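To keep things clear, I will list the structure first and then write my remarks on it.
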2 protein chains.
Amino acid sequence: MRVTINDIAKKAKVSPSTVSRVIADSPRISEATKEKVLKIMKEMNYHPNMIARSLVNRTTQIIGVVMPGMAEQSLQHPFYPELLGGIASMANKQGYKILLANVSTVDEEREMVKELTFGGITEGLILLTSRDDNPTVEQLVKNNFPFVVIGRTENPYVNWVDNDNFLIGYQLATYFIEQGHRSIAFLGYSPGYRVTRDRLNGYKKALEEHDIPFDSRMVIESKFISDNGYDLMKAFLAQGKSPTGVIACDDLLAFGAIKAIHQAGLRVPDDIAVAGINNVPLADYYNPPLTSVKINAFSLGTKAFEMLQTIMGSNIRSYNQAIIPAELVIRSSTQRG
Amino acid sequence: MRVTINDIAKKAKVSPSTVSRVIADSPRISEATKEKVLKIMKEMNYHPNMIARSLVNRTTQIIGVVMPGMAEQSLQHPFYPELLGGIASMANKQGYKILLANVSTVDEEREMVKELTFGGITEGLILLTSRDDNPTVEQLVKNNFPFVVIGRTENPYVNWVDNDNFLIGYQLATYFIEQGHRSIAFLGYSPGYRVTRDRLNGYKKALEEHDIPFDSRMVIESKFISDNGYDLMKAFLAQGKSPTGVIACDDLLAFGAIKAIHQAGLRVPDDIAVAGINNVPLADYYNPPLTSVKINAFSLGTKAFEMLQTIMGSNIRSYNQAIIPAELVIRSSTQRG
DNA sequence: TTGTAGGCGTTATCAT
DNA sequence: ATGATAACGCCTACAA
């Protein structure tokens, strides 16, 4: 049997409440008994039962992090781990623990979120999402449960933190144009994902500002975050398209694209310049080193937790949005010698 | 105020126990009242409080996963996420949730583990570790708390799952030797980590079997899992060493090494063949594609959870070990044209 | 400063 | 088949 507050009380010949006060480090207690109780607690190797404590003061110090996508794949992208690291680092610092829920399907997500919100085990939720249609968000809003979305939603009544993806697309395209490119492919547009839409819109805006007509055939669609850049690019080149630059929505796509370009007997960046987004660790080690956009996923995570803590801390609802700045990291894959 | 079992009972004009029976789907209840209660539960949007439930039946359906290293870095390596995915996928399937604890220091780890074991919130623990001296393990053994280590420990009274790192080192070295290499550098040996020691020993064994004298100067030390392969290799080459092959303890090290080799005006694999370990997603996209060893981190995770569940399920302690097979994935970085 | 008693939401044991 | 009652371990008025 585990040792409880009562065991301590008996041994110390005090009441359970006194022991409780010692645990809470209450000032309403004499130094003497405090010492005595503490000593006995140590002797008996006592540790408070968090479950019982949670039951009475309705606080678990646990937040849930819901990750989308197949459990088998969602964590594979370097973007997610970094995000998770950011959340965890901040959460731990504030005494919170993280319940990780990576779900495979929307149904699973709905069930999981329901459990987490109503089960009373998590005090708040951080949702990683980028899909437009997210029933989970509506569900949470309706239940008035504290949560923060990493990504962006159409619903204005949510707290979110995100990069400015429009700006990212705009800056990348502008950079390419300034380097003299007029024919720039956009690799990785995925209609269901706002991230890629925003980026594409930024790209269009840049073209427009420089009087370059937008050519929809330069847009290569794909599932977001996948490594089929090779196949996509290969097919694209096989159609006889010949851009001088490629902006990929993800570094992994870019790596694949570069491979296809090389295989087609073309050089990067001399024939085709390529840039990615996310600045994965290997971007710097690739051959050629890949120009990318550092989106600061870690900061995205820390900021999300901060925001969540703010919400959890007050019962008046506020709706905040935070933009984490991204920075262009220029490397050889876009710099012609 | 949240709706409880009592609210339901009142509204349904039954006793709380009856409601509880409905929740538990007990057979000792009439179909009629069951329907009635279920209807009211739905009407009032009732959801059982897991905390209260946990308090009485001492089961939270939560396991803890303790990750070492700086919160800022530990999750960065593709190896960990994949592992986590494996654990999560299996755990979710079995109705368990995961509490993620990534700790930065040994002190933090000790504290965290203490909380998790005594707090009553996790039923079991999975420990990611590879360092030799792990006080946490001793602590857990002493407390007779169910846990599984991913990696290996000196202590025989622990359940662990791991790859056969000796075999990995042996197979890689044998492969190199069979390709005609006689001078093979071993990059990434880190004395404190058994993983690298085992791999190095496997490497030595292979050399020995082929009567190749072991040259300690061919061993390049480093911190495990770090991306300074570039610097290490650069310094190594600057010393005038000229191996024909390099076995790196990690793909990231290998990528860095290749970069340094290229920069020294040498070719891979023609001048120096390079292989890594872990088979990160990008190994296939690198230029040249990197020969590596697939360690099946996902399986490591699923197996670890299975093992943990076995332990948690019975109160007689058993000590099992599982070896997850690894496979050599040969790519261009070691294949001379 | 310390003790008593009631309650947090559920489940389990006995009755009925 | 259903209800009353007592836990589970802790906290917190309210008393003393």
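Model, not experiment: these values are computed from the prediction. Chain A is the first sequence line, chain B the second, and so forth, proteins listed ahead of strands; every chain is numbered from 1.
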Charged N to carboxylate O below 4.0 Å: is that the case for B:K39 and B:E43? yes
Does A:Y157, at its OH atom, have more than 12 non-hydrogen atoms belonging to other residues, nucleotides or ligands within less than 6.0 Å? no
What is the distance from CD1 of A:I5 to C1' of D:dT12, rounded to the nearest Å? 12 Å
Could you tell me whether B:K11 atom NZ has more than 12 heavy atoms of other residues or ligands within 6.0 Å of it? no
Atom CD1 of A:I121 and atom P of C:dC8: how far apart are they, to the nearest Å? 21 Å
Measure CD1/A:I23 against P/D:dG9 and give the value in whole Å, please. 13 Å
What does B:L55 touch in the nucleic acid at a heavy-atom separation under 4.0 angstrom: a base, only the sugar-phosphate, or nothing? base
Just the rounded figure in Å: distance from C1' of C:dC8 to CE of A:M50. 16 Å
Once side-chain contact (heavy atoms from CB on, under 4.5 Å) is applied, do any residues pair with B:T4, and if so which ones, sequence neighbours excluded? B:N6, B:D7
Checking all strands, does A:V14 fall into the base, sugar-phosphate, or nothing category for heavy-atom contacts under 4.0 angstrom? sugar-phosphate
Just the rounded figure in Å: distance from P of D:dC10 to CZ of B:R58. 10 Å
Base, sugar-phosphate alone, or nothing: which one does A:T33 contact when heavy atoms must sit under 4.0 Å apart? sugar-phosphate
Nearest whole angstrom, please: distance from the C1' of D:dC8 to the CD1 of B:I51. 13 Å
Does the plane of the ring in B:Y96 sit parallel, tilted or perpendicular to the ring in B:F305? Use 30° and 60° as the thresholds. perpendicular
Check every strand shown and say whether A:N6 touches a base, only sugar-phosphate, or nothing at a heavy-atom separation below 4.0 Å. nothing
Any donor and acceptor pair, going by atom type alone, linking the side chain of A:N49 with main-chain N or O of A:A52 inside 3.5 Å? yes
Rounded interatomic separation in angstrom, taking CG from A:N49 and P from D:dG9: 7 Å
Looking at B:R53, does any N or O in its side chain come under 4.0 Å of the phosphate oxygens OP1/OP2 on C:dT11? yes
Which pairs, protein N/O on one side and nucleotides 4-7 of chain C N/O on the other, fall under 3.5 Å?
| from | atom 1 | to | atom 2 | distance (Å) |
| --- | --- | --- | --- | --- |
| C:dT4 | O4 | A:S17 | OG | 3.0 |

Reading DNA chain C from 5' onward, which residue's closest nucleotide shows up sooner: A:R28 or B:R28? A:R28
Could you tell me the separation between the CG atom of B:N57 and the P atom of D:dA6, rounded to a whole number of Å? 21 Å
On DNA chain D, check which nucleotide each of B:E31 and B:A52 is closest to and give me the residue with the more 5' one. B:E31
No-hydrogen, no-angle side-chain donor-acceptor test under 3.5 Å, B:T18 and B:S15: yes
